[in-house]
Participant: 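Please read through the structure below; I'll follow up with questions.
All chains are named by letter (A, B, ...) in the order of the sequence lines, taking the proteins before the strands, and each is independently numbered beginning at 1. What you are looking at is a predicted structure, and each value in this text was computed from that prediction instead of being measured.
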Amino acid sequence: MYTIELATRLADRVYEYWIRAPQVAQHARAGQFLIVRLHKKGERIPLTISAVRGDAVRVIFMAVGKTTEELATLGAGDSISDVVGPLGKPSEIENYGTCCVIGGGVGIASTPLIAKELKEAGNHVIGIIGARSADLLILEDEMREICDELYITTDDGSKGVHGFAADVLKKLLEERKIDRVWIIGPAIMMKVTSGATVPYGVKTYVSLNPIMVDGTGMCGSCRVTVGGETKFACVDGPEFDAHQVDFNELMQRQRIYTTQEKESLERFAEHRCRCGEGGHHHE
Amino acid sequence: MSDRPVDVRIKDFREVDCGLSSAEAVAEAERCLQCKKPLCVTGCPVCIDIPAFIREIAESNFSAAARALKEQNMLPAICGRVCPQETQCEGVCILGNKETPIRIGALERFVADWGRENDPSLPETAKPTGKRVAVVGSGPAGLTAAAELARAGHAVTIFESLHEAGGVLTYGIPAFRLPKDVVKAEVEQVLALGARLKKNHLVGRSVGVDELLGYDAVFLATGAGLPAFMGIPGENKNGVYSANEFLTRVNLMHAEAFPEFDTPVLHGARVAVIGGGNVAMDSARVARRLGAKVSLIYRRGEEEMPARKAEVLHAKEEGIEFFTCTNPTQILGEQCVTGIECVKMSLCGLDASGRPSPEPIEGSEFTLDVDMAIQAIGTSPNPLLVSLIPGLERGWKGNVVVDENGRTSIPHVYAGGDIATGAATVIEAMGSAKRAAAAIDAMLKGE
Ligand SMILES: Cc1cc2nc3c(=O)[nH]c(=O)nc-3n(C[C@H](O)[C@H](O)[C@H](O)COP(=O)(O)OP(=O)(O)OC[C@H]3O[C@@H](n4cnc5c(N)ncnc54)[C@H](O)[C@@H]3O)c2cc1C
Ligand SMILES: Cc1cc2nc3c(=O)[nH]c(=O)nc-3n(C[C@H](O)[C@H](O)[C@H](O)COP(=O)(O)OP(=O)(O)OC[C@H]3O[C@@H](n4cnc5c(N)ncnc54)[C@H](O)[C@@H]3O)c2cc1C
Ligand code: FES
């Protein structure tokens with residue numbers, strides 16, 4: 001059993017949990033993830049390791065379906081049946097010069113660890129974090145602290161630059177030399193944003209989020225096509241060279257279980273109504 | 001002993017083979033000639049004293065039989081169910097020349113099941129030696145080594161990356177052949193000998209290689225879990241599974257009980273399964289139980305199928321349609337699978353493995369309308385951990401190179417089971433683990 005030490009609601013449907021998992025915390029590096037299974041009937045779902053403190057790891061997730069909704073009903077002191085990690089390869093951190101770390105929506109969760117390790121390796125780190133609107137923007141203070149420069153974008157203009165992270169990135173690329181770019185967010189956002197670095201030939205990493213089961217390279221559920229080759233995102237990734245990734249296939253494979261996901265979520269919502277469970281014990 | 005009727009069993013995941021009653025077991029055991037030089041023992045990869053436990057059954061001493069068996073094999077209820085006895089002990093039974101061989105597998109299962117319910121006593125363990133041994137992986141190889149080493153008094157820690165122990169026994173072999181409470185009970189017995197299980201620990205990630213090599217001895221039993229894909233067009237369409245994924249969703253995650261359990265699996269109406277081994281038969285029979293009409297596609301003839309004969313028979317009884325001497329060339333569909341294009345194969349000459357070598361017949365292409373495809377064409381040694389251990393010698397298939405006692409190129413590191421041999425069998429994994437455990441014990445005792 002793995003105990004939730006702290007549970008906070010960061011924005012609408014977005015939660016920050018600190019989970020005690022020493023074997024994960026002791027080895028976690030930027031770019032890696034963990035898999036949780038809430039209880040014996042639960043699904044195994046991957047979540048990025050967003051920060052580490054002592055024996056605890058932080059995950060930040062958006063409640064989008066059955067498992068994440070159910071996770072959101074838990075609070076500090078509750079426990080989770082299984083946590084395994086760190087999984088996947090760590091980010092390729094080196095001193096490249098100037099690096100840009102971009103997070104979109106809940107993808108911002110992955111950015112602080114990457115930015116921090118890049119900074120420690122001696123890079124000049126530029127952060128760009130974007131959300132639909134100001135109230136959905138997360139980790140702004142933390143990123144401001146780590147990065148040398150931080151840009152904020154919102155789709156509706158309620159904060160920072162009115163527009164997308166790709167707009168800021170394009171402008172930066174025009175003005176100066178950027179050596180490496182990381183982009184983490186929804187597949188469509190990574191596809192569009194990474195397009196901006198193609199003309200400049202800047203190596204760009206994206207963190208892919210296909211549907212996973214074991215997370216150890218045993219099932220192939222997470223397979224993605226990169227540079228024409230089949231790769232298993234859970235062990236060969238999750239970070240890959242953006243310019244080689246078949247994003248359309250990724251998005252197609254994310255939709256395999258749309259019908260079942262809907263059924264499962266509706267059943268859960270109904271069950272909660274019947275049990276009168278309100279849910280949140282968050283601070 | 002009888003199988004449950006087809007029309008009933010294809011609607012659930014309960015065990016197909018009902019096993020022997022005690023009267024049947026005694027009658028079967030009485031047929032045994034108690035050979036002076038028993039061939040069955042030579043046919044057994046772990047050299048179980050088969051006539052001895054059969055004699056006890058014949059005399060209705062079930063407790064004694066169960067104990068005798070457990071002295072030599074900590075997973076008897078599993079072996080009794082999944083070993084290919086027809087090519088091992090039963091294959092060489094002298095009675096096979098005239099009548100049918102003794103049903104050794106069925107007797108082993110009978111005694112093991114009897115013992116589980118009536119006599120949970122354990123073999124004795126030696127005094128603690130103070131030596132620490134790490135076992136990586138909790139499949140049959142890891143469990144066997146852990147049991148042997150715990151009995152020898154060593155402090156054994158088993159690391160398992162999944163949330164349940166058992167390896168393929170848990171995530172691969174379906175419950176209708178190997179009920180999961182049987183696996184759980186035998187795992188519990190190994191733990192009762194004193195081995196400690198750390199689930200959710202992926203060695204190489206959750207446990208560092210330095211930490212691992214810090215144990216007095218290490219036994220690598222990480223299996224051959226890496227699924228192969230054919231490399232034909234259309235393989236990443238929605239509805240194409242590796243057998244490992246399909247079986248894991250059902251056996252480990254209980255997707256057959258979705259939405260009661262949270263993990264989904266697609267229920268194809270018409271499913272193609274590619275392959276001819278046990279894994280293909282299991283996938284076909286699981287898909288059948290999820291309601292599909294199933295076609296099995298195999299590139300060689302039925303005689304060449306590596307699956308156990310009994311499983312081929314069970315699959316046929318359950319209405320699986322066989323397309324032998326057939327190979328898929330392409331998976332059709334926009335985003336989701338709508339069909340599979342195949343070509344007929346002719347068998348000519350012999351290939352490196354001594355089996356007929358299949359060649360496509362020009363112009364014999366045809367299409368099967370299916371909405372799901374499962375590839376069961378093999379797996380290879382799990383590369384994750386072994387590629388992280390510096391100086392560990394590996395063969396061309398990615399397997400860890402070992403001598404006959406499981407020694408690797410690193411002095412205190414041993415390996416056994418599928419990680420050393422490539423995909424093989426439960427009993428071979430156990431046999432190699434037993435030999436390695438003996439060598440580890442000797443090393444730790446400074447012999
Ligand atoms: C390596 C990796 C790291 C991830 N890190 C985070 C994270 O830090 N925070 C976070 O909120 N989410 C993260 N995800 C996505 C997260 O795993 C999914 O949101 C989760 O599995 C949804 O489960 P559910 O049962 O709540 O929803 P479901 O009912 O399964 O799905 C609901 C919706 O989410 C989409 N979805 C389902 N699975 C995934 C997936 N694996 N990736 C993307 N979308 C998916 C579905 O298409 C559907 O629209 C990560 C995914 C991967 C592969
Ligand atoms: C569907 C199917 C049906 C089969 N049917 C039969 C049959 O009827 N009869 C028969 O004799 N054989 C059968 N086999 C083959 C048999 O199951 C295997 O040969 C046997 O399980 C190999 O045992 P193992 O202990 O070497 O590995 P596995 O059983 O593969 O176990 C390896 C374990 O190690 C874990 N692991 C891997 N890497 C790590 C790591 N880095 N850290 C921690 N844990 C790790 C894995 O999660 C797994 O649990 C079948 C196989 C399959 C897939
Ligand atoms: S999730 Fe199973 S191989 Fe990646």
Participant: Could you name the residues of residues 236-253 of chain A that have a heavy atom within less than 4.5 Å of a heavy atom in chain B?
Facilitator: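 Contacts with chain B: A/Glu249, A/Gln252, A/Arg253.
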Participant: Quick one: CD1 on A/Ile256 to NZ on B/Lys237, what's the gap to the nearest 0.5 Å?
Facilitator: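 Nearest 0.5 Å value for the CD1-NZ distance: 12.0 Å.
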Participant: Quick check on B/Glu160 against chain A: is it the side chain, the backbone, both or neither that has a heavy atom closer than 4.5 Å?
Facilitator: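 Neither part.
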Participant: Identify which part of B/Leu226 has an atom lying under 4.5 Å from any heavy atom of chain A, answering side chain, backbone, both or neither.
Facilitator: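 It is both, since atoms from each part get that close.
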Participant: Please flag which part of A/Gln260 lies under 4.5 Å from any non-hydrogen atom of chain B: side chain, backbone, both or neither.
Facilitator: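 Both backbone and side chain.
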Participant: Need one label for A/Thr230: side chain, backbone, both or neither, based on atoms under 4.5 Å from any heavy atom in chain B.
Facilitator: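 Just the side chain, heavy atoms under 4.5 Å.
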Participant: Side chain, backbone, both or neither: which part of A/Phe268 has an atom under 4.5 Å from a heavy atom of chain B?
Facilitator: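 Neither the backbone nor the side chain of A/Phe268 comes within 4.5 Å of chain B.
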Participant: Of the backbone (N, CA, C, O) and the side chain (C-beta and beyond), which part of A/Gln32 lies under 4.5 Å from a heavy atom of chain B, both, or neither?
Facilitator: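 Interface part for A/Gln32: side chain.
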Participant: Can you measure from CG (A/Leu87) to OG (B/Ser206) and round to the nearest 0.5 angstrom?
Facilitator: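 Atom-to-atom, A/Leu87:CG and B/Ser206:OG are 6.5 Å apart.
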Participant: Report, by ascending residue number, the residues of residues 209-218 of chain A in heavy-atom contact with chain B at a distance under 4.5 Å; give 'none' if the set is empty.
Facilitator: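 At a heavy-atom separation under 4.5 Å, chain B is reached by A/Ile211, A/Val213, A/Asp214, A/Thr216, A/Gly217, A/Met218.
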Participant: Within a strict 4.5 Å, meaning less than it, do heavy atoms of the A/Ser221 and B/Phe246 side chains meet?
Facilitator: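 No; the side chains remain at least 4.5 Å from each other.
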Participant: Ignoring hydrogens and angles, tell me if any N or O in the side chain of A/Arg223 forms a donor-acceptor pair with the backbone of B/Glu235 under 3.5 Å.
Facilitator: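 Looks like yes, one N/O pair under 3.5 Å.
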Participant: So if I take each residue of residues 253-269 of chain B and look for any heavy atom under 4.5 Å from a heavy atom in chain A, which residues do I end up with?
Facilitator: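 Residues B/Met253, B/Phe258, B/Pro259, B/Glu260, B/Phe261, B/Asp262, B/Thr263, B/Pro264, B/Val265, B/Leu266 are the ones that qualify, each having a heavy atom under 4.5 Å from chain A.
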Participant: Mind ranking A/Ala25, A/Ala21, A/Ala28, A/Gly42 by heavy-atom pairs under 4.5 Å with chain B and telling me who comes out on top?
Facilitator: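 It is A/Gly42.
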Participant: Hey, which residues of residues 44-66 of chain A are touching chain B, say heavy atoms under 4.5 Å apart?
Facilitator: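 So the qualifying residues are A/Arg44, A/Lys66.
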Participant: Based on non-hydrogen pairs under 4.5 Å, which of A/Ser264, A/Gly220, A/Pro86 is most in contact with chain B?
Facilitator: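 Winner by heavy-atom pair count: A/Pro86.
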Participant: Does the side chain of B/Arg205 come within less than 4.5 Å of A/Gln23's, by heavy atoms?
Facilitator: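 When only atoms from C-beta onward are counted, B/Arg205 and A/Gln23 do not touch, as no gap falls below 4.5 Å.
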Participant: Would you mind telling me which of B/Asn382, B/Leu247, B/Asn236, B/Leu202 has the largest number of heavy-atom pairs within less than 4.5 Å of chain A?
Facilitator: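 Highest number of heavy-atom pairs under 4.5 Å: B/Asn236.
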